Amino acid sequence: MLLDIDYNSKENRIYIYTTKKIIKKDFKPYLYIDADKNTINKFIDEEEPQLKEYITAIERVKKIIINLNDIENPYKNRTVEKTLSKITTDHPKDIPKLRKLQKIKANQRLANFPNGKIGTTYEHDIPFTKRYLIDNNKNIDLLNYNNIPDLKAVSFDMEVHFKDREPEPEKDAILMTSFYSHDKKINKKIKKVITYKPFEHESVEIVKDEKELIKKTMELLKQYNIIYTYNGDNFDFPYLKRRAEHLKIPLNFGENHKLKLSKGGMNLKSAISGIVHIDLYPIARRTLNLTKYKLEDVSKELFNIEKLEVGHHNIVPLWNNNNPKLVEYSLQDAEYTYKIGEYFLPLEIMFSNIVGQCLFDISRMSSSNMVEYLLLKHSFNKNYLAPNRPYGNEYQNRLKEGYEGGYVKEPIKGMHDNIVSMDFRALYPSIIISYNISPDTINCPCCGDTNDKILGYWFCKKKIGIIPEILKDLIERRKNIKDVLKNKNTTENNKDDNNKNNNENYKLLNYEQQSIKILANSFYGYMAYPRARWYSKECAEVITHLGRAYIRKTIEEAENNGFNVIYADTDGLYAILDENKNKNTNKENILNKTIKFLNEINRELPEKMELEFEGYYKRGIFITKKRYALIDENNKIIVKGLEFVRRDWSNIAKKTQKKVLNTLLKEGDVETAKQIIKDTINDLKNLPQSKIGESPGGDKKINPKDLIIYKQLTKDISEYSTATPHIAVAKKMRDRGDRLKIGDVIGFVIVNGSSPISERATIPEQATNYDANYYIDNQVLPPVLRIMEAIGITKDELKNNNKQITLDNFF
DNA sequence: GTAAAGCGGGG
DNA sequence: GTGTACGCTTTAC
């Protein structure tokens, strides 16, 4: 299996690292230019003679060019064969110099250049090692399909001396490094912490000093194929490097394994050649959809495990006291990092295999970039010339181009029972294939200005486009895998020796089909992505237009068949049976009708498109577009767009909303839900006036702890211009001597009074007279009201019923 | 209202 | 490294 690929500039060679050995290859960089040999030579002689030394060869080659502009012009060929010059150089760094041919005001000078034109350069910005993989994609065995590659993986985490400011490698020492690994051969978990102070902990290895710690760390890491970190790109590795420089010790992972920091956007990427450093933070960011992506948030999301909390400011005190809790904390981070790594690795390996780029790059690529490299690979195999990335104003112009997206139906608000959901299997990919939508098939002259235009465009009927062709391959490959999986599922009930291998193989195939699905679904987004080489707003526009037409037509047909469509979004819908048209709207009836309806509609749909049964739900509450909740037959609750998992809501608000939603979905009883809210309001009015941590006593039902609201300091306190509650409290904490820094989470409660909220925000453990009305109106009610209002309950109903009739009210 | 600026993860 | 993010939220105008 290909682990990594690197360019050794001293030897001027490509290094390919596999699990077993290093292979060295000679490969030369090149670019294409739209000019003939004589013109290039003459131009260089007369204008830029120094460029001559970089060129090792110029040859004439035929390539197929896709015209991305002038779409409206029905006479413009979308693809043309063209003869270009391929200029080869010795070193990759020569390529940018040669790009000058086009750049250096060439056009002005060439206005009166005698022998011809120097046109555009192409493929001048493809990184060298990626270029190698594109050009040799047919020869490289990226992955052995028969087993999961035997990779040795370790996670790595580092603690540094850290007090009230950003740690600086020139001042603040590395305290310890931790490692976690799982040796699958002997099924043993390996935990290790290296440090230079005595800690009473079984996993600790004590070394002489910090220099030894760094040396030992490098030695340990270089024994592995894969290193997982969490934000190691921008913290652990850069810090390790600068600290080693400061201590004047060489950072050495082995002769062919250098640590290289490179810029990726505004951030860094940390790579050790030959060893795959996988930073899980960028993967978590693009794979999961969370509000926060701290290590604890991601662990919670994936494994539902809570982290042992050691505030960062406690690191130094624990260190000073030789407290083993610090070791435990550091190990825990390493362990969670490892778990997240194992969770994501198989998919990343599959992407690497399908896209044909190395794991390090893949793990830092967006799905649009993966699509682009997949296209570059196919483009090379088909002798196409890759279109250039946008430059100049082009990117800005593309950004401004808007178009209509998917169709979202305004939901029929409220509670519904016996709901089915149906959705189109891979709607956008199917549309792309069915209509042959591609930048090289749009408005082709060969099919002429036909009658069946879509938004004024037509697509070639004679030749398949590059994007539909790749998509078709991917989808067929996925279908084959799914067939194999289905087969395995039914035949694999015997417990023979092969079972484990088969099981591993099953998992691998399953990861492969998942990754193909993700890639296939990214092609539409790719064509709409302003930095894409094969960008086509027109194609993207046609795809959503057709998507809207299909979902609208499906809604209409469903309504004609006795359904009531309560909600629809882009490629799927939720429906119940219409009471007026059906005798019985129970589960059995709706499921039968759904099967019948799906059969009918799929007969009418184009071959590649299919509406599928997605699920049956006992009950659902629909609030607004993108906001709804459902419960299935196993009492599993699915919530969309309604989550209040954020820390800037008090526990009492989150708890009440959850209770209300559960009651409504499980029991369908509005009165009980109303009562929960009323009870909470009453309990709040009867709040204990005790400090947090003290026993509230008596009939007090609310723990003051549940009233705390948390907000983060995102900059220094002095930089805030507005007086928000958490800043006011932060100032009070500072005044009493707390050291606060950016990133600290401030907890506060609101107490009684008539002054602004920010003045009534109080440090939780100092408060007793909590402001019940604030919690009722600003914390508990808003989230539950969003739900209750959808079923026709007003705020007044929830609040006023609560009032007892007293003489005061009466008069 | 829109445009510009800020921010993320790590310690 | 033949590449210079990105997609939101907050603040400023």
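Everything numeric here is computed off the predicted structure, so don't read it as measured data. Throughout, protein chains are lettered first and strands after them, A, B, ... in sequence-line order, and every chain is numbered starting at 1.
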Give the intermediate values and the outcome of side-chain hydrogen bond (donor to acceptor under 3.5 Å, both in side chains) for residues A:Ser363 and A:Glu348.
-> CA-CA 6 Å; A:Ser363 70; A:Glu348 297 298 316; 5.3 Å; no

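- Spacing between B:dG10 and C:dT4 at atom P, rounded to whole Å, works out to 29 Å.
- Under the 3.5 Å distance criterion, the side-chain polar atoms of A:Tyr30 are left unmatched by any main-chain donor or acceptor of A:His124.
- Between A:Asp233 and A:Asn267 the shortest side-chain heavy-atom distance does not fall below 4.5 Å.
- Using a 4.0 Å cut-off between charged nitrogen and carboxylate oxygen, A:Lys258 and A:Asp6 do not count as a salt-bridge pair.
- Within residues 122-130 of chain A, the residues having any heavy atom under 4.0 Å from DNA chain C are, by residue number, A:Glu123, A:His124, A:Asp125, A:Ile126, A:Pro127, A:Phe128, A:Lys130.
- Rounded to whole Å, atom P of B:dG10 lies 15 Å from atom CZ of A:Phe156.
- To the nearest angstrom, P of C:dT2 lies 9 Å from CD1 of A:Ile14.
- Within 4.0 Å (heavy atoms only), A:Leu295 reaches sugar-phosphate atoms of the nucleic acid but no base atom.
- Ring-plane geometry between A:Phe162 and A:His312 is classed as perpendicular, the angle between the planes exceeding 60 degrees on a 0 to 90 degree scale with a lower cut at 30.
- In this structure, A:Tyr403 and A:Tyr524 have perpendicular ring planes: the angle between them is above 60°, well past the 30° mark.
- Note: NZ (A:Lys263) to P (C:dT4) measures 12 Å, nearest angstrom.
- For the pair A:Leu240 CG and B:dG10 C1', the computed distance is 14 Å after rounding to whole Å.
- Partners of A:Lys10 under the salt bridge (Lys or Arg N to Asp or Glu O under 4.0 Å) rule, at least two apart in sequence or in another chain, do not exist in this structure.
- If you check residues 336-343 of chain A against DNA chain C, you find no residue with a heavy atom closer than 4.0 Å.
- In this structure, A:Asn267 atom CG and C:dC6 atom C1' are separated by 10 Å, rounded to whole Å.
- As rounded to the nearest Å, B:dG9 and C:dT2 have C1' atoms that lie 30 Å from one another.
- Judged by closest nucleotide on DNA chain C, A:Asp361 is the one of A:Arg285 and A:Asp361 placed further toward the 5' end.
- Partner of A:Phe156 under the ring pair (Phe, Tyr, Trp, His ring centres under 6.0 Å) criterion, out of A:Tyr180, A:Phe237, A:Tyr228, A:Phe235: A:Phe237 alone.
- The distance between atom CG of A:Asn388 and atom P of C:dT2, rounded to the nearest whole Å, is 16 Å.
- Taking OH of A:Tyr373 as the reference point, atom CG of A:Leu133 lies at 10.0 Å (rounded to 0.5 Å).
- Counting to the nearest Å, the P atom of C:dC8 and the CZ atom of A:Arg286 are 16 Å from each other.
- The interatomic distance linking A:Tyr329 (OH) with B:dG10 (P) rounds to 8 Å, in whole Å.
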